[in-house]
Q: 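This is the structure, below, for whatever I ask next.
The first residue of the sequence shown is numbered 1, and numbering continues consecutively from there.
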Amino acid sequence: MSEMLPPADGISPDAAPRRSLPRRVMRMLGFGLIVTAVLLGWYMAVLYVGWQSGQNLLNQRREAELQSQVARQMTLAQENVNEGSYTLALRRLEWVLERAPNHLEALQLQAQAQAVLNQRLTPQPAVIGGAPPPPTPTPPPLPTPTAGPIEDPARELQRIRRLAANETWEEAVTALVTFQRQFPSYERPDTDALLYDAYVELGLQLLEGDRVEVGLFYLEQAAGLGNLSQEVQDYQVWGELYLQGLAFYDVNWAAAIFYFRDLCLAAPFYQSSCDRLREALAAYSDQFAFVQDWCPAQELYAEALTHGRTQSLIEKRNEAQEMCLLATPTPLPTATFTAPITDTQTITNPLRSFVTPTPDG
């Protein structure tokens with residue numbers, strides 16, 4: 001019986017399968033890694049496409065909201081011009097042109113309103129025979145208040161009329177209230193009309209400053225003497241929204257956003273309402289970012305940027321966007337409030353019901 005000779009290459013037949021096994025495993029492992037990489041790349045591509053689509057939709061929605069705001073302010077400005085409220089119309093048009101400088105209709109309406117307003121404010125002296133117009137007379141000094149009991153009501157009433165003509169409304173209100181207390185029946189229709197005008201003008205003047213609550217009080221007093229114009233009623237509502245938003249400022253950002261969002265939409269030029277809204281949105285976003293709830297923070301930062309862009313806000317928005325892609329999305333809480341707020345006081349308005357929503361925190 002002859003001996004079996006080993007193969008020429010010196011490799012045992014039984015050893016060959018054992019050496020080829022690791023090679024097969026490596027091939028399978030490499031194939032698995034390739035498939036995993038392809039799937040991961042496909043998944044990331046889908047995520048990016050979805051995020052990009054969401055961003056495009058968000059930008060389209062913001063652009064549509066801005067166009068809606070511009071159209072609303074244009075409509076209201078035209079109504080103000082038709083009603084003769086040229087100052088209010090010009091404020092609306094200034095806001096529109098800040099966001100759309102080439103808005104042809106706004107530019108035309110602004111020129112129209114400014115021309116009429118200039119004509120009203122500029123005196124038109126009569127020129128006879130080509131003679132130069134007479135010099136502008138120096139206005140007389142304001143009358144001094146009457147101290148103590150009023151002895152001559154006719155003279156005092158004339159002094160009050162001069163106060164009103166010089167638009168010293170606060171002094172006019174004080175003098176008229178004192179006059180009516182001492183002479184309740186003397187020229188009552190005239191003094192009521194003067195007091196109504198003084199209340200309205202003083203109220204509107206204060207609503208533009210930091211004494212909004214006092215201004216609302218004077219408008220309420222005017223409403224007891226006569227019907228308020230739509231323009232004055234609008235200012236009432238804006239003042240109420242402003243005070244409500246200010247009451248929650250730095251205390252409950254969701255509630256502050258609720259009020260300033262409405263105010264920014266209705267009167268973006270009033271009391272820097274859109275700047276207040278941007279600050280509230282940024283502060284609320286910071287709260288979400290602090291607890292690493294990035295997706296709500298990203299949405300709020302993005303909304304804040306629609307009302308004014310700063311480098312800090314852009315950087316925070318970008319960081320929140322990046323972190324949101326790596327995080328599980330969470331729903332953005334809305335400023336819809338269901339839980340009652342205790343120990344708060346609602347401003348009442350006899351001309352318009354005003355309901356204070358109740359925040360959930």
Q: How close do L313 and A304 get, heavy atom to heavy atom, and via which atoms?
A: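 What the structure gives for the nearest pair is CD2-CB, 3.8 Å.
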Q: Hey, does Y284 have a side-chain heavy atom less than 4.5 Å from the side chain of Q287?
A: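 Yes, at least one pair of side-chain atoms sits under 4.5 Å.
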Q: Does one side chain, of E322 or N318, offer a donor that lies under 3.5 Å from an acceptor on the other?
A: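 No, because no side-chain N or O of E322 sits under 3.5 Å from a partner of the opposite role on N318.
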Q: For Q180, is the CD atom crowded, meaning more than 12 foreign heavy atoms sit under 6.0 Å from it?
A: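 Above 12, so yes.
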Q: List the steps, then state whether side-chain contact (heavy atoms from CB on, under 4.5 Å) holds for L163 with L176.
A: CA-CA 10 Å; L163 288 173; L176 282 164; over 6 Å; no
Q: Output the distance between atom CG (L109) and atom CD (Q78), rounded to the nearest 0.5 Å.
A: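 Output value for this atom pair is 5.0 Å.
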Q: Under a 4.5 Å cut-off applied to non-hydrogen side-chain atoms, are L204 and V200 in contact?
A: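 SC-SC contact between L204 and V200 confirmed.
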Q: Closest approach of Y196 and N227, non-hydrogen atoms and distance?
A: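 Nearest heavy atoms, Y196 then N227: OH-O, 2.6 Å.
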Q: For the residue pair Y249 and R276, what are the closest heavy atoms and their distance?
A: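 The pair with the smallest heavy-atom distance is OH-O, 3.6 Å.
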Q: Under the side-chain contact (heavy atoms from CB on, under 4.5 Å) criterion, do L277 and I257 qualify, and how do the steps go?
A: CA-CA 6 Å; L277 175 59; I257 288 169; 4.0 Å; yes
Q: Compare every heavy atom of L202 with every heavy atom of E170, then report the nearest pair and how far apart it is.
A: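 So the minimum-distance heavy-atom pair works out to CA-CD2, 3.9 Å.
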Q: Just verifying a value: how many Å separate L243 CG and E240 CD, rounded to the nearest 0.5 Å?
A: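 That separation rounds to 8.0 Å.
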Q: Within the supplied structure, the quantity of interest is the number of heavy atoms (other residues, nucleotides, ligands) at a distance under 6.0 Å from R155 CZ; does it exceed 12?
A: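 No, the 6.0 Å shell around CZ holds no more than 12 heavy atoms from other groups.
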Q: Does Y259 belong to the same Ile/Leu/Val/Met/Phe/Trp/Tyr cluster as L265, with side-chain heavy atoms less than 4.5 Å apart forming each link?
A: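 Hydrophobic grouping puts Y259 apart from L265.
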Q: Determine yes or no for a side-chain-to-main-chain donor-acceptor pair under 3.5 angstrom, with E187 supplying the side chain and A154 the backbone.
A: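 Judged by distance alone, no pair lies under 3.5 Å.
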Q: Just by distance, with hydrogens left out, do E201 and Y218 show a side-chain donor and acceptor under 3.5 Å apart?
A: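 No, no side-chain donor-acceptor pair sits under 3.5 Å.
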Q: Could you tell me whether the side chain of R278 and the main chain of H307 form a donor-acceptor pair under 3.5 Å?
A: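 Yes; at least one donor-acceptor contact below 3.5 Å.
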Q: Could you report the tightest heavy-atom contact between A198 and W169, atom names first, then the distance?
A: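 Looking at all heavy atoms of both residues, the closest pair is CA-CE3, 3.6 Å.
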Q: Are any non-hydrogen side-chain atoms of L207 and L219 less than 4.5 angstrom apart?
A: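 Touching, per the 4.5 Å side-chain cut-off.
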Q: About how many Å separate CG of D197 and CG of D192, when rounded to the nearest 0.5 Å?
A: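 The CG atom of D192 sits 11.0 Å away from the CG atom of D197.
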Q: Please lay out, stage by stage, how Q298 and M323 fare under the test side-chain contact (heavy atoms from CB on, under 4.5 Å).
A: CA-CA 9 Å; Q298 181 261 329; M323 300 303 295; over 6 Å; no
Q: From R317 CZ over to S285 OG, what is the distance, rounded to the nearest 0.5 angstrom?
A: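 With rounding to 0.5 Å, CZ (R317) is 11.5 Å from OG (S285).
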Q: Taking the side chain as every heavy atom from C-beta outward, state whether E156 and D152 have any atom pair closer than 4.5 Å.
A: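 Heavy-atom side-chain distance check fails, nothing below 4.5 Å.
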Q: Could you walk me through whether Y301 and Q321 pass the side-chain hydrogen bond (donor to acceptor under 3.5 Å, both in side chains) test, one step at a time?
A: CA-CA 10 Å; Y301 281 135; Q321 279 182 344; over 6 Å; no
Q: When you compare the side chain of L93 with that of H103, does any pair of heavy atoms fall below 4.5 Å?
A: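 They are not in contact (no side-chain heavy atoms under 4.5 Å apart), so the answer is no.
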Q: Any chance you could measure L326, atom CG, to W294, atom CH2, to the nearest 0.5 Å?
A: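 The CG atom of L326 sits 11.0 Å away from the CH2 atom of W294.
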Q: Using 30° and 60° as the class boundaries, would you call the ring planes of F183 and F179 parallel, tilted or perpendicular?
A: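 Rings of F183 and F179: tilted, as their planes differ by 30° to 60°.
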Q: When the aromatic ring centroids of W238 and F269 are compared, is their separation below 6.0 Å?
A: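 Distance test on ring centres: under 6.0 Å, yes.
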Q: Taking the side chain as C-beta and beyond, is there a heavy-atom pair between W253 and F248 under 4.5 Å?
A: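 No; the side chains remain at least 4.5 Å from each other.
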Q: Do the side chains of L206 and F217 get nearer than 4.5 Å, heavy atoms only?
A: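 No. Closest side-chain heavy atoms not under 4.5 Å.
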Q: Which pair of heavy atoms, one from T191 and one from Y186, lies closest together, and at what distance?
A: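 Shortest heavy-atom contact: CG2-O, 4.0 Å.
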Q: Do the side chains of V173 and Q221 get nearer than 4.5 Å, heavy atoms only?
A: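 No, every pair of side-chain atoms sits at 4.5 Å or beyond.
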Q: Roughly how far apart are D286 CG and L281 CG, rounded to 0.5 Å?
A: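 Rounded to the nearest 0.5 Å, the CG-CG separation comes out at 11.0 Å.
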Q: How about CG on D210, more than 12 heavy atoms from neighbouring residues, nucleotides or ligands closer than 6.0 Å, or not?
A: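 No, CG of D210 has 12 or fewer neighbouring heavy atoms, counting only those of other groups under 6.0 Å.
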Q: Run the side-chain contact (heavy atoms from CB on, under 4.5 Å) test on E208 and Y235 for me, step by step, so that the C-alpha distance in whole Å, both residues' side-chain angles and the decisive distance to 0.1 Å come before the verdict.
A: CA-CA 9 Å; E208 294 286 356; Y235 267 96; 3.2 Å; yes
